[in-house]
> 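A single structure is presented below for examination.
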Amino acid sequence: TLAGAAAPAAAQDGSPASFFVQGGSGEDGVRAASVGVQWPWAWRTAALGGEWSARTELFGSMWRAHAVGGGHENFFQLGLVPLLRYRFAEGRSPWFVEGGIGLSVTDKRFVSRDKEFGTSWNFSDNLAVGRSFGEQGRQEVSLRLQHTSNGGLKKPNPGLNLVLLRYASAF
């Protein structure tokens, strides 16, 4: 619902405002690489000594996991996540934290040597700490924790935690 509500706040022409690449690893030797785009919301507010803003991101990821019969298997994930961002020092700090919960789907049900998901539709929970830099702070790096699971809607539901390093740049 929140992701759908973000659409009217996106740029008038519907174009994303930034792109990102990220990579990292998680439990049981799973490795991940992603690309995505973000649309900022028009909403901003000051509270708790900082500035709050929001954005919606669309991403595609590839997970590489140990296959059940040996070797490796790839899984492709598509996700849509609304994010709430807090920037310190009344919005003047280059540092920020953000988090959000969205939806994701994989091209097939995730079954690896070590884990099995009950469904290919899952939630994507994201937490990050990052820093903007460059001209007008148009570039960012962030360290992110992404948890993917179906929230207990279908068993098995072991979830998958990934630690990711992201680089983002505004268009």
Side-chain angles (χ1 to χ4, degrees), residues 1-24 26 32-63 76-107 117 119-154 157 159-171:
T1 302
L2 193 54
Q12 291 293 331
D13 65 1
S15 299
S18 62
F19 77 95
F20 62 86
V21 294
Q22 64 186 19
S34 309
V35 296
V37 292
Q38 295 182 327
W39 292 267
W41 297 14
W43 175 82
R44 290 186 183 281
T45 192
L48 303 173
E51 179 186 69
W52 294 87
S53 62
R55 61 195 59 229
T56 299
E57 68 180 33
L58 175 66
F59 66 88
S61 297
M62 185 191 79
W63 296 348
F76 297 94
Q77 177 192 36
L78 182 65
L80 182 66
V81 180
L83 294 164
L84 187 61
R85 178 177 283 195
Y86 176 81
R87 190 172 293 277
F88 299 92
E90 299 170 352
R92 294 185 310 272
S93 174
W95 291 95
F96 62 86
V97 293
E98 67 184 5
I101 300 173
L103 297 175
S104 75
V105 63
T106 49
D107 64 326
F117 283 17
T119 177
S120 60
W121 286 93
N122 290 284
F123 296 102
S124 179
D125 306 344
N126 298 265
L127 291 173
V129 61
R131 187 175 196 287
S132 301
F133 64 96
E135 183 182 329
Q136 298 177 338
R138 295 176 57 86
Q139 298 179 69
E140 299 174 353
V141 292
S142 58
L143 184 62
R144 313 183 73 78
L145 174 62
Q146 179 183 15
H147 173 77
T148 302
S149 75
N150 69 35
L153 297 176
K154 187 169 182 183
N157 183 41
L160 176 65
N161 294 314
L162 298 168
V163 176
L164 303 161
L165 182 62
R166 175 183 288 188
Y167 167 78
S169 181
F171 291 117

> Determine the minimum heavy-atom distance between Gly159 and His147, stating which atoms define it.
CA-CE1, 3.9 Å
> Counting N and O atoms only, with roles assigned by atom type, does the side chain of Trp52 sit under 3.5 Å from a partner on the main chain of Ala47, one being a donor and the other an acceptor?
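Yes; at least one donor-acceptor contact below 3.5 Å.
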> If you define the side chain from C-beta out and look only at heavy atoms, does anything of Trp41 sit under 4.5 Å from Leu83?
no
> Using a distance-only test with no angle check, is there a side-chain donor-acceptor pair under 3.5 angstrom linking Arg87 and Ser132?
yes
> Could you give the distance from OG (Ser93) to CD (Glu51), rounded to the nearest 0.5 Å?
11.0 Å
> When rounded to the nearest 0.5 angstrom, what is the spacing between CZ in Arg166 and CZ in Phe59?
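So the gap between those two atoms works out to 8.5 Å.
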> State, to 0.1 Å, how close Gln139 and Ser169 come at their nearest heavy-atom pair, and which atoms those are.
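Scanning both residues completely, I find the closest heavy atoms to be CG-OG, 3.9 Å.
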> Enter the distance from Leu84:CG to Trp43:CH2 here, rounded to the nearest 0.5 Å.
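With rounding to 0.5 Å, CG (Leu84) is 5.0 Å from CH2 (Trp43).
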> Side chains of Phe123 and Leu103: does their closest heavy-atom pair fall under 4.5 Å?
yes
> Is the side chain of Asn122 donor-acceptor paired with the backbone N or O of Thr148 at a distance under 3.5 Å, no angle test?
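A pair under 3.5 Å: no.
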> Between CD of Gln22 and CG of Leu143, what distance do you get to the nearest 0.5 Å?
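Spacing of CD (Gln22) from CG (Leu143) equals 10.5 Å.
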> Heavy atoms only: give me the nearest Asn157-Ser149 pair and the separation to one decimal.
OD1-CB, 3.3 Å
> Do Thr119 side-chain atoms and Trp121 backbone N/O form a donor-acceptor pair below 3.5 Å?
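Yes, the answer is positive, given that a donor and an acceptor are paired below the 3.5 Å cut-off.
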> Looking only at atom types and distance, does a side-chain atom of Asn126 sit under 3.5 Å from a main-chain N or O of Ser124, one as donor and one as acceptor?
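Yes.
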> Hey, what do you get for CZ (Phe96) to CZ (Phe88), rounding to the nearest 0.5 Å?
10.0 Å
> Do the rings of Phe19 and Tyr167 sit parallel, tilted or perpendicular, given the 30° and 60° boundaries?
perpendicular
> Please determine whether side chain to side chain contact (heavy atoms under 4.5 Å, CB included) holds for the pair Leu78 and Leu58, giving the CA-CA distance in whole Å, both sets of side-chain angles, and the decisive distance to 0.1 Å.
CA-CA 8 Å; Leu78 182 65; Leu58 175 66; 4.1 Å; yes
> Looking only at non-hydrogen atoms, find the nearest pair between Pro82 and Ile101 and report the distance.
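Looking at all heavy atoms of both residues, the closest pair is CD-O, 3.4 Å.
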> How long is the gap from OG on Ser142 to CG on Leu165, to the nearest 0.5 Å?
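Here the interatomic distance stands at 7.0 Å.
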> Shortest non-hydrogen contact from Tyr86 to Leu48?
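The answer is OH-O, 2.6 Å.
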> So do the side chains of Gln38 and Pro16 get within less than 4.5 Å of each other, counting heavy atoms only?
no
